[in-house]
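The block underneath contains the structure these notes are about, expressed in structure tokens.
Sequential numbering from 1 along the given sequence is applied to the chain's residues.
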Amino acid sequence: FMADFNWYRSFVAVYRTGTTARAATVRYLTQPAISQHIAALEAELNVPLFRRTARRMEPTDDGKKLYSQVAQAVDDLELVGQRSRRGGEALPLFRLGTPLEYFAAVAFGQLAGAQLRLQIEFGTAEGLLAALERNELDLVIATQRLPLAAVEYSKLADEHFLLVGGALEQMPTHITVDDLGAVEGWLATCNWLSYSTELPIIRRFWQQTFMRRPHLQPRMIIPNLRLIAAAVEQGVGVSLLPEYLCRRSVAEGRLRVLWQPPVAVSNELWLAYRKIDHQSDLNQMVRGLLQAVAG
């Protein structure tokens, strides 16, 4: 006999969510029903599709191969069924992990009009990429390119950072812009606002520009770049902020670019997705939208 389509639907749900409990929620079925579907499909195909662990269902090589073969077809047939039931167009769900600031300032405007149901998760690159590996996300905008066997990356954009202060902040007039020693000495006396205690971009800026590690005690640690920008505008201190985030404030005079180093500080942004989803129509569409707005 042929495998039931519902078995494949449950298989895809377990593959993407990682557990039969989450798959049951997604499919509006009971957990035993999902388990029965997986067991029946494994018996029909005569291969194990998942390794059962205490916390999750890990796909086997056969499971990964089957997913690459059937996931798109299952999604397409799901949409056909939803359209028939609703008498109109059904929007597919897409799960995106992203830094909050980049999404708010750049990506949201492009994706808001897309024919999608978007589920957004904010977090650090490490946390979001781990969720991607667990099939809890479909795509991640990552500030780091971590070496993960199941994940593929494509370049999204370069973040360029500006050294900014409030409208009244400025470099002392006796310091010339090409006197790196004097500039470093002045910057060391400034009140710095940082995203984290590790001073990620500040440390890179200091090492790239002055060839040494910074010895700074930040005035404030604020894990939100938009709030850092607001604090800098209020004269609390100085910081390094992405150009996309502070371009308007600089143009309107609420932020001032204090100094431009010989080599601009930048960071690469990547689109990360599971290799198995490389050819997914939906994944390709979202990647195209994000790359278009970044370009």
Q: For L193 and G237, work out which heavy atoms get closest and say how close.
A: CD1-CA, 3.5 Å

(Q) Main chain of M57, side chain of R51: is a donor-acceptor contact present, judged purely on distance under 3.5 Å? (A) no

Q. Should R256 and Q170 count as side-chain neighbours, where that means a heavy-atom distance under 4.5 Å?
A. yes

(Q) With a 3.5 Å distance limit and no angle check, can you tell me whether T98 reaches the backbone of L100 through a side-chain donor-acceptor pair? (A) no

Q. Can you tell if the side chain of V232 reaches within under 4.5 Å of the side chain of L255, non-hydrogen atoms only?
A. yes

Q: Apply the test side-chain hydrogen bond (donor to acceptor under 3.5 Å, both in side chains) to residues T176 and D178: give CA-CA distance (whole Å), side-chain angles for both, the deciding distance (0.1 Å), then the verdict.
A: CA-CA 6 Å; T176 58; D178 56 353; 3.2 Å; yes

Q. For the side chain of S194 and the backbone of T197, is there at least one donor-acceptor N/O pair under 3.5 Å apart?
A. no

Q. Between atom OG1 of T25 and atom CD of Q31, what is the distance when rounded to the nearest 0.5 Å?
A. 8.5 Å

Q: Would you please classify the geometry between the F103 ring and the F108 ring as parallel, tilted or perpendicular, with 30° and 60° separating the classes?
A: perpendicular

**Q.** Under 4.5 Å side-chain linkage, directly or through intermediates, the cluster mates of L168
**A.** none

Q: Output, in order, the C-alpha distance, side-chain angles, deciding distance and verdict of salt bridge (charged side-chain N to carboxylate O under 4.0 Å, His left out) for E268 and K155.
A: CA-CA 8 Å; E268 294 179 319; K155 179 74 172 289; 3.6 Å; yes

Q: Say whether, by atom type as modelled, one donor and one acceptor occur between the side chain of R203 and the main chain of P214 under 3.5 angstrom.
A: no

Q: May I have the step-by-step check of side-chain contact (heavy atoms from CB on, under 4.5 Å) for E44 and W7, ending in yes or no?
A: CA-CA 10 Å; E44 173 69 12; W7 300 352; 4.1 Å; yes

Q: Take Y153 and Y273 through the test ring pair (Phe, Tyr, Trp, His ring centres under 6.0 Å) and record every step on the way to the result.
A: CA-CA 7 Å; Y153 296 88; Y273 45 93; 8.1 Å; no

Q: Using the ring of F94 (Phe, Tyr or Trp, six-membered ring only), decide whether R117 places NZ or CZ under 6.0 Å from its centre and within 45 degrees of its axis.
A: no

Q) Do Y8 and V47 share a hydrophobic cluster (ILVMFWY, side-chain heavy atoms under 4.5 Å, transitive)? A) yes

Q.
Any side-chain to backbone donor/acceptor pair from N267 onto H160? Under 3.5 Å, distance only.
A. no

Q: Measure from the side-chain N and O atoms of E42 to the backbone N and O of P48, and report whether any donor-acceptor pair falls under 3.5 Å.
A: no

Q. Hey, does L118 have a side-chain heavy atom less than 4.5 Å from the side chain of L111?
A. yes

Q: Determine the minimum heavy-atom distance between I141 and A107, stating which atoms define it.
A: CD1-CB, 4.4 Å

Q) Is there a chain of hydrophobic side chains (I, L, V, M, F, W, Y, each step under 4.5 Å between heavy atoms) that links V250 to L258? A) no

Q. Closest approach of S10 and L29, non-hydrogen atoms and distance?
A. OG-CD1, 4.3 Å

Q. Between the main-chain N or O of A149 and the side-chain N or O of K275, is there a donor-acceptor pair closer than 3.5 Å?
A. yes

Q: List the steps and the verdict of side-chain hydrogen bond (donor to acceptor under 3.5 Å, both in side chains) for T53 and E58.
A: CA-CA 7 Å; T53 68; E58 297 287 350; 5.1 Å; no

Q) Between atom OG1 of T17 and atom CZ of R27, what is the distance when rounded to the nearest 0.5 Å? A) 11.5 Å

Q: Check the pair L156, Q291 against side-chain contact (heavy atoms from CB on, under 4.5 Å), reporting the backbone distance first and the verdict last.
A: CA-CA 6 Å; L156 175 60; Q291 286 169 329; 4.0 Å; yes

Q: Check each of R274, R22, R95 against E136 using the salt bridge (charged side-chain N to carboxylate O under 4.0 Å, His left out) test, and report the only one that passes.
A: R22

Q: Please confirm whether the backbone N or O of S280 pairs with a side-chain atom of D277, one donor and one acceptor, at under 3.5 Å?
A: no

**Q.** Cluster link Y244 to L163, ILVMFWY, side chain under 4.5 Å
**A.** no

Q. With a 4.5 Å limit on heavy-atom distance, are the side chains of R212 and W206 in contact?
A. yes

Q: Please check if Y102 and V265 belong to a single hydrophobic cluster, counting links between Ile, Leu, Val, Met, Phe, Trp and Tyr side chain heavy atoms closer than 4.5 Å.
A: no

Q. With no hydrogens and no angle check, do the side chains of H278 and E152 hold a donor and an acceptor under 3.5 Å apart?
A. yes

Q.
Does L187 form a side-chain contact (heavy atoms from CB on, under 4.5 Å) with F205? I'd like the steps, not just the answer.
A. CA-CA 12 Å; L187 287 175; F205 160 78; 3.9 Å; yes

Q) Under a 4.5 Å side-chain heavy-atom rule over Ile, Leu, Val, Met, Phe, Trp and Tyr, are L162 and I228 clustered together? A) yes

Q. Would you call W259 and V164 a side-chain contact if the rule is heavy atoms closer than 4.5 Å?
A. no

(Q) Testing the basics here: between T209 and L180, what is the closest heavy-atom pair and its distance to 0.1 Å? (A) O-CD1, 3.9 Å

**Q.** Side-chain donor/acceptor of Q144 to backbone N/O of L269, under 3.5 Å
**A.** no

Q | Nearest heavy-atom neighbours spanning L199 and P218 | A | CD2-CG, 3.3 Å

Q. With a 4.5 Å limit on heavy-atom distance, are the side chains of E159 and I201 in contact?
A. no

Q: Give every residue pair that meets the ring-ring contact (aromatic ring centres under 6.0 Å, His included) criterion with at least one member in residues 51-77, sequence neighbours excluded.
A: Y15-Y67

(Q) Between L45 and L41, is there a side-chain heavy-atom distance shorter than 4.5 Å? (A) yes

Q.
Return the NE2 to CG distance between H37 and N6, rounded to the nearest 0.5 Å.
A. 5.5 Å

Q: Taking all non-hydrogen atoms of both residues into account, name the closest pair between A114 and L289 and its distance.
A: CB-CD1, 3.8 Å

(Q) I need the C246 SG to L225 CG distance, nearest 0.5 Å. (A) 10.0 Å

Q: Check each of L128, V151, L271 against V140 using the side chain to side chain contact (heavy atoms under 4.5 Å, CB included) test, and report the only one that passes.
A: L128

Q) About how many Å separate CZ of R145 and CH2 of W270, when rounded to the nearest 0.5 Å? A) 4.0 Å

Q.
Other residues, nucleotides and ligands only: do more than 12 of their heavy atoms fall within 6.0 Å of CD on E252?
A. yes

Q: Apply side-chain contact (heavy atoms from CB on, under 4.5 Å) to the pair I221 and Y195, showing each step before the final yes or no.
A: CA-CA 6 Å; I221 304 293; Y195 189 87; over 6 Å; no

Q. Any sub-3.5 Å donor-acceptor pair from E169's side-chain atoms to V238's backbone N or O?
A. no

Q) Roughly how far, to the nearest 0.5 Å, is the CD atom of Q119 from the CG atom of L96? A) 10.0 Å

Q) So, D4 and R9, do they make that salt bridge, N to O below 4.0 Å? A) no

**Q.** Min side-chain heavy-atom separation R248-R254 under 4.5 Å
**A.** yes

